[in-house]
Protein chains: 2
Amino acid sequence: MQILGSKWTFWVMGELATAPRRFNELRRGLGNISTKSLNDVLRFLEQAHIIHREVFATVPVTVEYSMTDKGKDFLRVYYTMQDWGEKWKGYDTQENESRMPKIDR
Amino acid sequence: MQILGSKWTFWVMGELATAPRRFNELRRGLGNISTKSLNDVLRFLEQAHIIHREVFATVPVTVEYSMTDKGKDFLRVYYTMQDWGEKWKGYDTQENESRMPKIDR
DNA sequence: CAGTATCCGACATGATACTG
DNA sequence: CAGTATCATGTCGGATACTG
């Protein structure tokens with residue numbers, strides 16, 4: 001719950017699911033996350049050993065984030081959530097609303 | 001993400017996973033959730049058609065919360081998360097810490 | 001490029017009191 | 001029993017500016 005408690009973690013995982021990414025790559029991939037928020041998420045995931053941070057001594061310096069084994073295994077959760085979302089997408093519509101059990105309030 | 005965004009949703013789902021429960025049953029089962037928070041969660045899950053609310057005209061009135069089909073299917077997510085948690089429990093310990101990849105900061 | 005440092009406001013959660 | 005209504009507070013996240 002701590003992991004999914006923050007707003008961006010899920011999508012960061014999504015970004016890293018397929019390939020390692022660098023800081024600004026992640027930022028671009030995520031739309032409009034602030035550097036602060038991205039940093040917070042990355043630090044958290046790193047300290048939880050879900051992602052791995054590797055620094056390359058280029059100029060300017062390059063940093064790559066990738067999944068650890070624990071992180072890769074977490075993708076089970078990610079994909080299950082994604083699948084559930086797809087499956088029930090569009091279910092809560094006006095038409096379906098009428099077929100829903102009436103709730104007596 | 002909205003579903004798991006709130007602090008208690010996950011455990012409310014856990015309570016309802018096995019059987020329907022009444023308001024105060026949930027409260028007791030969850031430890032120390034405030035009536036407000038519990039209410040908020042229940043309203044949200046209901047409006048998302050994940051749980052069903054049923055009122056029984058007893059005295060005093062009784063209200064039962066139960067999983068909808070959508071909610072039951074969400075338990076896939078719940079159990080996957082739970083399984084992941086179990087699997088990696090105790091991994092981030094002092095002993096393992098030393099076997100972790102060194103992170104150059 | 002990959003961050004750090006502040007500041008600030010919105011919102012989530014908790015505590016408390018009250019009701020049909 | 002099953003809530004509703006308020007009020008207080010902490011924190012999360014965004015905006016902005018700056019750095020090696």
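Chain letters run A, B, ... following the sequence lines, proteins first and then strands; every chain starts at 1. On a predicted model such as this, the values are computed, not experimentally measured, just so you know.
Considering only heavy atoms from C-beta on, A/Asp83 stays 4.5 Å or farther from B/Val77 through its side chain. At least one side-chain heavy atom of B/Met81 sits less than 4.5 Å from a side-chain heavy atom of B/Leu4. In this structure, A/Ile33 and A/Lys7 have side chains that are not in contact, with every pair of non-hydrogen atoms separated by 4.5 Å or more. Under the 4.5 Å side-chain criterion, counting only non-hydrogen atoms from C-beta, B/Trp84 is in contact with A/Ile3. Under the 4.5 Å side-chain criterion, counting only non-hydrogen atoms from C-beta, B/Phe44 is in contact with B/Gln2.
Nearer to the 5' terminus of DNA chain D, by closest-nucleotide assignment, is the contact made by B/Glu64 (compared with the other of B/Glu64 and A/Gly5). With DNA chain D read from its 5' end, the first of the two nearest nucleotides for A/Pro60 and A/Ser37 is the one closest to A/Ser37.
Per the geometry, CZ belonging to B/Arg43 stands 11 Å off P belonging to D/dA5, to the nearest Å. Rounding to whole angstrom units, CG of residue A/Asn32 and P of D/dG13 are separated by 14 Å. Here D/dG3 presents its P atom at 12 Å from CG of B/Asp40, a figure rounded to the nearest Å. Remark: C1' of D/dG13 and CD1 of A/Ile33 are 9 Å apart, rounded to the nearest angstrom. Straight-line distance from the CG atom of B/Asn24 to the C1' atom of D/dG3: 9 Å, rounded to whole Å. A/Arg22 has its CZ atom 7 Å from the P atom of C/dC1, to the nearest Å. Between the C1' atom of D/dG3 and the CZ atom of B/Phe56 lies a distance of 17 Å, rounded to the nearest Å. Taking atom CG of A/Leu38 as the reference point, atom P of C/dA2 lies 10 Å away to the nearest angstrom.
Backbone-only contact: A/Ser6 has heavy atoms under 4.0 Å from sugar-phosphate atoms and none from a base.
Between B/Arg27 and D/dG3 there is no side-chain polar atom (N or O) within less than 4.0 angstrom of OP1 or OP2. The phosphate of D/dT4 (OP1 or OP2) has a side-chain N or O of B/Asn39 nearer than 4.0 angstrom.
With a cut-off of 3.5 Å on both pairing distances, the Watson-Crick or G-U wobble partner of C/dT13 is D/dA8.
Distances were taken from every side-chain heavy atom of B/Phe23 (C-beta onward) to each of C/dG14, C/dA2, D/dA2; the shortest belongs to D/dA2. Comparing D/dG3, D/dT6, D/dA15 by their closest approach to the side chain of A/Lys36 singles out D/dA15. Distances from the side chain of B/Tyr65 to the nucleotides C/dA15, C/dA2, D/dG3 place D/dG3 closest. Proximity note for A/Arg53 (side chain, C-beta onward) versus C/dC1, C/dA2, D/dG14: the nearest is C/dA2.
Scanning atom types as modelled, one donor and one acceptor separated by under 3.5 angstrom connect the side chain of A/Thr35 and the base of C/dT4.
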